[in-house]
*Asks:* 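I'd like to ask you about the structure that follows.
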Amino acid sequence: MKHLLLTKRKDDTQTVVPVGPVRFGQEFVVIAGPCSVESEEQTISTAQAVKARGAKMLRGGVFKPRTSPYAFQGLGLKGLKILAKAREETGLPIVTEVLDTRDVSWVAEYADMLQIGARNMQNFSLLKEVGKSGRPALLKRGMHSTIEEWLSAAEYILAEGNPNVVLCERGIRTFETYTRNTLDLNAVPAAKELTHLPVITDPSHGCGRISLIPAMCLASVAAGADGLIIEVHCDPEKALSDKDQALTPEIFGSMMSRISTVRACIEALP
Ligand code: PEP
Ligand code: MN
């Protein structure tokens, strides 16, 4: 991987990515919230519920990359204003996906962190624009991308002078159909061995099934992840996107206490 100049691990140094008061790479960070911002009530009640259960950041999409053009596409600016209000009420920094280069600069005025989704991991213009935005980036791995391609995508952002990139393994396409994707836990220690950037996982998109998400969150912690991003909805049955993978606040809460137990075990290892 000789073209990885800025992302490559050279020594034991771990890059710390600050997002508001949050420090990826220095503390374990759980980002939680709905797949999509649907209304002020839904976003704020979910934000309060995840905060009360230990989440340190709020997620919520306002531009949704949907397979069908007729599916809910997101609230755009109205959604960003709702996210900003949720941040004001809870103090949680917000991360949201940006799909289009034309939106990067104005979305960056609202969001604390910009998400580059799996479908855009090799949208090189978008990577460059996010690199120039001055905002930290959450870079999802493309569903058909190798680890090397993912790290090369991170290199594009760093090459624009933005050192604040958090890598996110969100599952890759395999022959398996029972799960939505296959969460590639190999990628966690691999990316940590190859780069100095924090690495988190997204078990929600990684398996797409509520019943499997808690186990894969615990497994991510054991594999050395620096954090998690998890979809939670205050009323999952009514979710406008990804309802099959939306945890209730109650399931999220019981999972968070099990995560603390696994973290304590891992931290106690020699
Ligand atoms: C999301 O986070 O809601 C999303 C669309 O993620 P991905 O790009 O990983 O599919
Ligand atoms: Mn989603």
Side-chain angles (χ1 to χ4, degrees), residues 29-38 42-43 46-47 50 55 57-69 71-76 79-80 83 94-100 103 107 111-123 126-127 130 136-145 147 149-150 153-154 157 165-174 179-185 187-188 191 199-210 212-213 216-217 220 225 227-248 252:
V29 180
V30 176
I31 307 171
C35 178
S36 300
V37 172
E38 298 164 6
Q42 166 251 10
T43 304
T46 306
V50 298
M57 277 184 69
L58 176 67
R59 63 149 290 144
V62 301
F63 301 105
K64 297 307 300 177
R66 305 305 299 281
T67 303
S68 164
F72 178 61
Q73 301 285 308
L75 296 181
L80 281 175
L83 282 174
I94 55 182
V95 58
T96 198
E97 178 169 357
V98 64
L99 286 180
D100 193 311
D103 299 328
V107 174
D112 300 287
M113 185 180 215
L114 300 174
Q115 176 174 322
I116 295 172
R119 292 157 191 79
N120 267 317
M121 190 209 82
Q122 282 192 320
N123 179 338
L126 186 64
L127 294 169
V130 168
L138 180 62
L139 179 63
K140 299 266 199 121
R141 178 179 175 189
M143 61 191 86
H144 302 111
S145 302
I147 291 168
E149 287 163 345
W150 181 33
I157 303 173
V165 176
V166 173
L167 297 165
C168 178
E169 162 57 41
R170 52 75 76 200
I172 51 174
R173 278 266 170 100
T174 67
T179 49
R180 180 175 180 181
N181 290 289
T182 296
L183 189 70
D184 178 15
L185 285 183
V188 175
V199 182
I200 71 169
T201 72
D202 175 350
S204 304
H205 293 87
C207 52
R209 281 178 180 262
I210 292 167
L212 307 184
I213 293 168
M216 296 315 286
C217 287
S220 298
L228 297 161
I229 179 165
I230 305 164
E231 289 186 347
V232 179
H233 196 289
C234 53
D235 190 358
E237 275 308 302
K238 298 214 175 87
L240 295 180
S241 59
D242 287 351
K243 93 196 231 294
D244 296 337
Q245 65 191 41
L247 302 185
T248 59
F252 175 71

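Position 1 is the first residue of the sequence; numbering continues from there. Just follow the structure's listing: the first ligand is 1, and inside any ligand the first atom is 1. The figures here come from the full heavy-atom set of this structure, side chains too, leaving out hydrogens, waters and symmetry mates.
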*Asks:* Would a 4.5 Å heavy-atom cut-off, applied to side chains only, mark Arg119 and Met143 as touching?
*Replies:*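 Sidechains of Met143 and Arg119: in contact.
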*Asks:* With a 4.5 Å heavy-atom cut-off, do Leu99 and Asn120 have their side chains touching?
*Replies:*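 The answer is yes; the side chains approach within 4.5 Å.
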*Asks:* Around the Mn ion (ligand 2), list the protein N/O/S atoms within a radius below 2.8 Å, excluding water molecules.
*Replies:*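 Listed by chain and number, the nearby protein N, O or S atoms are Cys35 SG, His205 NE2, Glu231 OE2, Asp242 OD2.
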*Asks:* Tabulating one pair per line, provide the atom names and distances (0.1 Å) for every N/O atom of ligand 1 that is less than 3.5 Å from a protein N/O atom.
*Replies:*
{"residue": "ligand 1", "atom": "2 (O)", "partner": "Arg59", "partner atom": "NH1", "Å": "2.8"}
{"residue": "ligand 1", "atom": "2 (O)", "partner": "Arg59", "partner atom": "NH2", "Å": "3.4"}
{"residue": "ligand 1", "atom": "2 (O)", "partner": "Gln115", "partner atom": "NE2", "Å": "3.0"}
{"residue": "ligand 1", "atom": "2 (O)", "partner": "Lys140", "partner atom": "NZ", "Å": "3.1"}
{"residue": "ligand 1", "atom": "3 (O)", "partner": "Arg59", "partner atom": "NH2", "Å": "2.9"}
{"residue": "ligand 1", "atom": "3 (O)", "partner": "Lys64", "partner atom": "NZ", "Å": "3.0"}
{"residue": "ligand 1", "atom": "3 (O)", "partner": "His205", "partner atom": "NE2", "Å": "3.3"}
{"residue": "ligand 1", "atom": "3 (O)", "partner": "Glu231", "partner atom": "OE2", "Å": "3.3"}
{"residue": "ligand 1", "atom": "6 (O)", "partner": "Lys140", "partner atom": "NZ", "Å": "2.9"}
{"residue": "ligand 1", "atom": "8 (O)", "partner": "Ala118", "partner atom": "N", "Å": "2.8"}
{"residue": "ligand 1", "atom": "9 (O)", "partner": "Lys140", "partner atom": "NZ", "Å": "2.8"}
{"residue": "ligand 1", "atom": "9 (O)", "partner": "Arg170", "partner atom": "NE", "Å": "2.7"}
{"residue": "ligand 1", "atom": "10 (O)", "partner": "Arg119", "partner atom": "NH1", "Å": "2.8"}
{"residue": "ligand 1", "atom": "10 (O)", "partner": "Arg170", "partner atom": "NH2", "Å": "2.8"}

*Asks:* If we ignore angles and hydrogens, is there a donor and acceptor under 3.5 Å between the side chains of His144 and Glu149?
*Replies:*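 No, no side-chain donor-acceptor contact under 3.5 Å.
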*Asks:* Taking C-beta and beyond as the side chain, do Asp112 and Val95 meet within less than 4.5 Å on heavy atoms?
*Replies:*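 Side chain of Asp112 against side chain of Val95, heavy atoms only: no contact under 4.5 Å found.
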*Asks:* Inspect the contact between Asp244 and Arg180 and indicate whether a charged nitrogen and a carboxylate oxygen are less than 4.0 angstrom apart.
*Replies:*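 Result for this pair is no, no salt bridge flagged.
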*Asks:* Let me know which of Ile200, Asp202, Ile230, Leu228 forms a side chain to side chain contact (heavy atoms under 4.5 Å, CB included) with Ile31.
*Replies:*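 Per the side chain to side chain contact (heavy atoms under 4.5 Å, CB included) rule, the option paired with Ile31 is Ile200, out of Ile200, Asp202, Ile230, Leu228.
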*Asks:* Flag the pair Arg59 / Glu97 as yes when at least one side-chain heavy-atom distance between them is below 4.5 Å, and no otherwise.
*Replies:*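 Heavy-atom side-chain distance check fails, nothing below 4.5 Å.
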*Asks:* Does the side chain of Ile116 reach to within under 4.5 Å of the side chain of Ile157, using non-hydrogen atoms?
*Replies:*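 Side chain of Ile116 against side chain of Ile157, heavy atoms only: contact under 4.5 Å found.
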*Asks:* When you check the gap from the basic side-chain N to the acidic O, do Asp242 and Arg66 get nearer than 4.0 Å?
*Replies:*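 Looking at Asp242 and Arg66, the cut-off is not met.
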